[in-house]
Amino acid sequence: MRFVHAIEGLSLWTGRAFGWCILILTLSVSYEVFVRYVLNSPTVWAFDMMIQMYGALFLMCGAYALAQDTHVRADVVYRLFPVRVQAGLDFLLYFLFFFPGIIALVWYGYEIASDSWRYKEVSFNSPASIQIYFFKSLIPLAGGLLVIQGIAELVRCVMAIRTGVWPERLADVKETEDLLSEADLEAIEAISPNNR
């Protein structure tokens, strides 16, 4: 588990670090709205800034979401299967769909980033000509992080197949609905007749 938790730790750290893009994105949008509609003086850089912050957040938090098992999954039937069947299905699907797609992301992302660096690419969306080759470098980097996290997920699947229990994940944050359901369960247990 140390190997898996080390990879998850890297994914969690990266997700938390790039999570600050939300703050930058919020501040830049708020600033742009204020100067555009109150001062009637729009900026030339805000649109590019918003696209780059959102793109960086989206790309670099993929491994974080995978490490926290928060990717969207059509699990209407999946959750009814025993853990060993779930793990076997996940293991198979990682090889059939996940790794081919992510390896393509790394391969073509590297080509896109290297071309962007060679041309010193700038944004054509605004007259500010903001440099975007730094952000295009995040494409293969995000793919590499997803490959590493995918390997950890494969190890997790093998462990679940062997033991019949999903190994614990490194905890970070919880969904609000999960927190509310836990609070509801605690409240129900507190007032149940067996506890009196």
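Residue numbers start at 1 and run along the sequence shown.
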Seminar exercise, completed: Note: Ile24 and Met53 closest approach over all heavy atoms is CG2-SD, 3.6 Å

Exercise. Taking the side chain from Thr14 and the backbone from Leu10, do they hold a donor-acceptor pair closer than 3.5 Å?
Worked result: yes

For this session: Can you measure from CD (Glu121) to CZ (Phe135) and round to the nearest 0.5 angstrom?
Result: 13.0 Å

Exercise. Where do Gly109 and Pro140 come nearest, in terms of heavy atoms and distance?
Worked result: O-CD, 3.6 Å

Exercise. Would you say Tyr110 and Ile139 are hydrophobically clustered, going by side-chain heavy atoms of ILVMFWY under 4.5 Å?
Worked result: no

Side-chain donor/acceptor pairs under 3.5 Å, residues 90-108, sequence neighbours excluded:
unit_1, atom_1, unit_2, atom_2, d
Asp90, OD1, Tyr78, OH, 3.2
Asp90, OD2, Tyr78, OH, 2.7
Trp107, NE1, Glu111, OE2, 3.2

For this session: Please answer: with hydrophobic residues joined when any side-chain heavy atoms are less than 4.5 Å apart, are Val33 and Met49 in the same cluster?
Result: yes

Exercise. So with a 6.0 Å cut-off around CZ of Arg162, is the heavy-atom count from everything else above 12?
Worked result: no

Exercise. Should side-chain heavy atoms under 4.5 Å link Ile, Leu, Val, Met, Phe, Trp and Tyr, which residues sit in the same cluster as Ile132?
Worked result: none

Exercise. What is the minimum heavy-atom distance between Pro167 and Arg156, and which atoms define it?
Worked result: O-NH1, 2.7 Å

Problem set entry | Connected-component partners of Ile22 among ILVMFWY, side-chain separation under 4.5 Å | Leu57

Problem set entry | Hydrophobic cluster partners of Trp13 (side-chain heavy atoms under 4.5 Å) | none

For this session: Verify, without hydrogens or angle tests, whether Ser28 (side chain) and Ala46 (backbone) share a donor-acceptor contact under 3.5 angstrom.
Result: no

Exercise. What are the two closest heavy atoms between Ile161 and Ala87, and how far apart are they?
Worked result: CG1-CB, 3.6 Å

Exercise. Is a donor on one side and an acceptor on the other found under 3.5 Å between the side chain of Glu32 and the backbone of Phe47?
Worked result: no

For this session: Look only at the side chain of Trp166 and the backbone of Ala160, and say whether a donor-acceptor pair between them is shorter than 3.5 Å.
Result: no

For this session: Please identify each residue that fulfils ring pair (Phe, Tyr, Trp, His ring centres under 6.0 Å) with Phe81, with sequence neighbours left out.
Result: none

Exercise. For the atom pair CZ (Arg169) and OG (Ser11), what is the distance rounded to the nearest 0.5 Å?
Worked result: 10.0 Å

Exercise. Of all heavy-atom pairs between Tyr31 and Trp45, which one has the smallest distance, and what is that distance?
Worked result: CE2-CZ2, 3.7 Å

Exercise. Are the side chain of Glu8 and the backbone N or O of Phe3 linked by a donor-acceptor pair below 3.5 Å?
Worked result: no

Seminar exercise, completed: salt bridge (charged side-chain N to carboxylate O under 4.0 Å, His left out) filter on Arg79, not counting sequence neighbours, yields none

Seminar exercise, completed: Heavy atoms of Gln149 and Ala63 approach each other most closely as CG-O, 3.7 Å

